[in-house]
Number of protein chains: 2
Amino acid sequence: MTKAPTVYDVAAHAGVSIATVSRVLRRPDDVRPETRARVLDSVRSLGYVPSGAARGLAGRRHGVLGLFLPGHDGIDLPEPDWERVADASRIPLIDDREGRPAPPATTGTETANAAAAATANANANANANANANANATATDAPRSASNPANLYFDEVLRGAEVESWRRGFALMVAAGRGSSREVMLNDIAGRVDGLAVLAQTVPDDLLAHVSRRIPVVVLADSRPGDELDHVGVDNTAGMRALTDFVLGRDGGGRVRDVVYVAGPGDSPDEADRHRGFDEAVVAATAATAAATRQGHGPVRVRVERGDFSREGGRRAGEALVASPDPLPQAVVCANDQSALGVLDAFVAHGVDVPGRVAVTGFDGIEAGRFSTPRLTTVRQPMNDLGRVAVRTIVTRLTDPSAPPLRVTLPVEVLLRESCPAR
Amino acid sequence: MTKAPTVYDVAAHAGVSIATVSRVLRRPDDVRPETRARVLDSVRSLGYVPSGAARGLAGRRHGVLGLFLPGHDGIDLPEPDWERVADASRIPLIDDREGRPAPPATTGTETANAAAAATANANANANANANANANATATDAPRSASNPANLYFDEVLRGAEVESWRRGFALMVAAGRGSSREVMLNDIAGRVDGLAVLAQTVPDDLLAHVSRRIPVVVLADSRPGDELDHVGVDNTAGMRALTDFVLGRDGGGRVRDVVYVAGPGDSPDEADRHRGFDEAVVAATAATAAATRQGHGPVRVRVERGDFSREGGRRAGEALVASPDPLPQAVVCANDQSALGVLDAFVAHGVDVPGRVAVTGFDGIEAGRFSTPRLTTVRQPMNDLGRVAVRTIVTRLTDPSAPPLRVTLPVEVLLRESCPAR
DNA sequence: CTGAAAGCGCTAACAA
DNA sequence: TTGTTAGCGCTTTCAG
């Protein structure tokens with residue numbers, strides 16, 4: 001590692017020119033076998049590893065694709081517990097049996113709190129070195145599946161990684177937000193052949209800027225108006241299908257009183273999903289004539305404004321419970337987090353779900369598979385999002401002049417116990 | 001995107017030299033504000049993005065860290081369902097209610113089968129376009145948390161990503177195995193300032209080769225003998241602590257008949273864990289005198305050879321059930337997969353766990369949190385593994401001549417229902 | 001089949 | 001404060 005050997009070193013060592021060294025590495029068949037072997041030997045004994053930078057510069061191709069994610073600002077993973085690292089032999093026993101206190105609930109502040117708790121707890125363990133059976137749930141929870149948004153990224157990342165690998169590209173991942181974002185984005189953009197950017201991560205002008213240099217595909221952002229390639233999921237159709245089901249359009253239309261827990265007003269996802277919800281309601285209302293004949297009235301809709309957070313959902317749920325109005329028959333939420341919050345509130349007040357009221361989400365996060373009751377939702381194909389993104393870039397790379405691509409990935413409605421069976 | 005502008009273009013446009021352009025980007029304070037503004041304007045209007053390759057070449061620093069993972073050979077994720085992509089409005093309703101058929105069990109072949117099933121199923125949906133309620137569990141399962149090994153990587157990846165981000169590095173991820181491995185590794189090694197490699201991924205000589213160019217840290221590999229930095233987890237202490245608990249050393253030593261389901265013989269993890277197990281057994285046996293006084297005999301140990309797979313565990317479990325010998329009081333498995341397989345076998349034969357026999361695993365994979373009964377295990381700090389790896393590289397970067405680092409991360413014993421409470 | 005030489009785009013002395 | 005000028009290590013014609 002003193003001074004990395006270069007083509008020149010290898011060439012000298014093997015008694016050939018640098019061009020030959022390069023050939024041996026790039027097109028081995030263009031070199032006489034003996035020469036090749038000699039060069040390869042030199043490579044070996046010198047410990048030569050070609051410089052990717054030089055290669056990229058000379059060859060104007062990197063063999064690398066980029067994925068840009070939102071920064072991890074709020075994440076605040078607990079630090080590795082250095083006290084324990086110092087003495088790894090102290091193994092805590094953690095009681096993770098059922099019946100332990102429910103995991104904390106908020107999203108934003110929760111993480112920080114949990115992290116703090118974990119640290120405190122770990123220190124307690126380290127210092128006291130007693131009470132090995134201490135309930136360390138706080139340590140347990142936050143280390144793994146705490147922040148669902150992350151799981152989302154994880155899946156996209158994984159999909160992109162797999163597909164890149166298949167296509168013979170390496171994947172460069174970067175994250176940024178705030179001021180670090182612009183720097184990072186430029187940095188990464190200068191080192192890759194194409195870039196996938198998760199929506200809401202980067203302002204439009206920056207994207208436009210970067211896309212003048214390399215192909216950029218935008219993930220999960222329905223906003224139109226740019227010339228970039230887009231890969232998204234069908235929020236509208238998904239929510240429409242789910243709402244259709246909830247309203248029981250093909251089941252007799254028995255549900256006529258429903259609440260929509262919305263997301264933040266500036267979210268394209270919220271807009272699309274809300275539209276899908278409205279479409280389903282309109283359709284159901286149009287069917288009112290028929291429904292009325294069966295003894296049902298028009299669909300009554302109320303909207304609670306949420307913010308995609310579990311806490312926001314909980315507030316909405318509390319509001320519904322506290323309201324003088326009777327509970328609706330169903331609460332359709334703009335995302336899973338909100339829905340879980342609503343469930344929290346209902347559970348806290350002993351509201352029977354789905355007996356008294358149905359609750360649905362959107363996203364398909366893991367937590368919804370393990371809530372009580374398990375959450376009916378629409379699952380997004382996160383993995384495919386990453387994979388198709390990579391494909392799109394590769395396609396674009398081969399045909400830079402093709403018109404902008406707009407891929408919409410299908411979603412699936414997942415029926416689980418938070419909705420009554422039919 | 002026609003022809004990416006360079007420093008020269010910007011310099012010309014702004015009426016300055018290329019050095020000034022470079023300065024504006026690297027050390028803005030060294031440039032007179034007016035000049036800076038002028039250059040920045042040119043950058044903007046030209047759509048200039050500096051070439052990372054050229055920068056890396058000239059500056060001999062990439063600002064990128066590498067993470068090398070095992071290839072995804074066996075993974076075989078189902079392809080995105082292109083039929084449905086073409087018509088995203090067809091939204092399938094999937095019945096994911098409890099009581100659906102148990103997920104398939106094997107690890108290796110399972111994935112492929114499930115994928116095939118998913119495809120078949122999806123096509124069926126597409127063609128028939130009826131029977132929206134078709135049980136599509138096959139589609140459901142494999143898309144998400146199918147392969148636990150992946151979750152493992154995901155967490156490491158995530159940890160590395162977060163930490164890299166904090167340190168101002170981008171992270172380059174590559175995977176390889178077989179022949180693609182060498183190429184990929186060299187490729188990535190030439191583009192990063194330091195590299196973390198997951199154990200068992202790369203043969204030692206290749207690692208040695210690469211490490212002559214950049215710092216390399218090896219993850220989760222206890223093999224000694226090289227001069228590289230290592231970050232691992234304390235397999236031995238973890239298994240010892242767990243086995244201590246199982247044998248009830250501090251609970252009266254009531255368990256005297258135990259089976260160890262081993263992993264593959266060439267795995268360092270298996271070796272370390274096995275050692276921990278043996279240590280605990282020896283300790284318990286040493287305590288026999290005391291135990292005997294309480295009416296207990298020496299510890300009886302049997303070993304079943306597994307292979308870290310669920311199927312291997314199942315076979316071991318079947319063997320135990322079929323054996324003329326009585327069931328042991330506890331089955332300690334070298335990893336979670338094996339333990340889940342043992343559970344499968346026991347459940348299939350109506351063996352009461354933990355009533356009749358206790359079962360434990362090692363790793364802390366998600367599936368163990370949701371098995372029946374939930375699995376007592378040792379959790380590895382995957383996330384920290386990634387994070388500490390990055391820290392280690394950064395440390396090494398600042399002091400290349402420091403002696404090789406050996407970090408061992410602590411583990412935690414997670415007590416869950418597959419072991420009797422005490 | 002092999003070698004010579006011209007860049008690729010940028011950074012970092014060193015001058016001015 | 002700004003400009004000039006070497007490289008950084010490799011790929012790639014174009015000759016030989």
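Hydrogens, waters and symmetry mates play no part in the numbers below; they use all other heavy atoms, side chains included. Small disclaimer: the values here were computed from a predicted structure and weren't measured.
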Verify, without hydrogens or angle tests, whether [X] (side chain) and [Y] (backbone) share a donor-acceptor contact under 3.5 angstrom.
{"X": "A:Ser211", "Y": "A:Leu207", "result": "yes"}
{"X": "B:Thr395", "Y": "B:Arg391", "result": "yes"}
{"X": "B:Thr392", "Y": "B:Val388", "result": "yes"}
{"X": "A:Arg396", "Y": "A:Pro215", "result": "no"}
{"X": "A:Asp193", "Y": "A:Arg61", "result": "no"}
{"X": "B:Asp229", "Y": "B:Leu405", "result": "yes"}

Looking at residues at least two apart in the chain, or sitting in another chain, which of them share a side chain to side chain contact (heavy atoms under 4.5 Å, CB included) with [X]?
{"X": "B:Ala19", "answer": "B:Ser17, B:Arg23"}
{"X": "B:Ile18", "answer": "B:Val7, B:Tyr8, B:Ala11"}
{"X": "A:Asp187", "answer": "A:Arg191, B:Arg55"}
{"X": "B:Asp399", "answer": "B:Ser401, B:Ala402"}

Check your understanding: Partners of B:Arg32 by salt bridge (charged side-chain N to carboxylate O under 4.0 Å, His left out), sequence neighbours excluded?
Key ->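 Scan of B:Arg32 (salt bridge (charged side-chain N to carboxylate O under 4.0 Å, His left out), adjacent residues dropped) gives B:Glu34.
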**Study point:** A:Asp41: partners by salt bridge (charged side-chain N to carboxylate O under 4.0 Å, His left out), with sequence neighbours left out
**Key:**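 Applying salt bridge (charged side-chain N to carboxylate O under 4.0 Å, His left out) to A:Asp41 gives none.
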Point to revise | Spacing of B:Glu161 atom CD and A:Leu69 atom CG [to the nearest 0.5 Å] | key: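 B:Glu161 atom CD to A:Leu69 atom CG measures 6.0 Å (nearest 0.5 Å).
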Point to revise | Spatial distance of atom CD1 (A:Ile214) from atom CD1 (A:Ile393) [nearest 0.5 Å] | key: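 The CD1 atom of A:Ile393 is 8.0 Å from CD1 of A:Ile214, to the nearest 0.5 Å.
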Point to revise | Strand contacts (DNA chain C) in residues 5-16 of chain B, 4.0 angstrom heavy-atom criterion | key: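 The answer is B:Thr6, B:Val7, B:Tyr8.
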**Study point:** Estimated bend of the helix from C:dC1-D:dG16 to C:dA16-D:dT1 (axis per five terminal pairs, rounded to 10 degrees)
**Key:**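 The angle separating the two end axes equals 30°.
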**Study point:** Distance in angstrom units between A:Asp30 CG and C:dT2 C1', rounded
**Key:**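 One finds 11 Å between C1' of C:dT2 and CG of A:Asp30, rounded.
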Review point. When the distance from CZ of B:Arg26 to C1' of C:dA13 is rounded to whole Å, what number comes out?
Key: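 Distance, rounded to whole Å: 17 Å.
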With 3.5 Å as the limit, what N/O pairs link the protein to nucleotides 14-16 of chain C?
none

Check your understanding: Reckon A:Ser22 touches a base, only the sugar-phosphate, or nothing at all at heavy-atom distances under 4.0 Å?
Key ->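 The answer is base, as A:Ser22 lies within the cut-off (heavy atoms under 4.0 Å) of a base atom.
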Check your understanding: With a non-hydrogen cut-off below 4.0 angstrom, is B:Ile18 in contact with a base, only sugar-phosphate, or nothing?
Key ->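 Base contact.
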Review point. Looking at residues 49-59 of chain A, who's got a heavy atom less than 4.0 Å off DNA chain D?
Key: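 A:Pro50, A:Ser51, A:Ala54, A:Arg55, A:Ala58 - these, ordered by number, are the residues of the stretch whose heavy atoms sit under 4.0 Å from the strand.
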Review point. Going 5' to 3' along DNA chain D, which nucleotides are the first and last within contact of chain B (any atom under 4.0 Å from a heavy atom)?
Key: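 Using the under 4.0 Å cut-off, the span is D:dT1 to D:dG9.
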Taking distance alone, no hydrogens or angles, what donor-acceptor pairs closer than 3.5 Å link side-chain atoms of residues 46-54 of chain B to residues at least two apart or in another chain?
residue : atom : partner : partner atom : Å
B:Ser51 : OG   : B:Ala53 : N            : 3.3
B:Ser51 : OG   : B:Ala54 : N            : 3.0

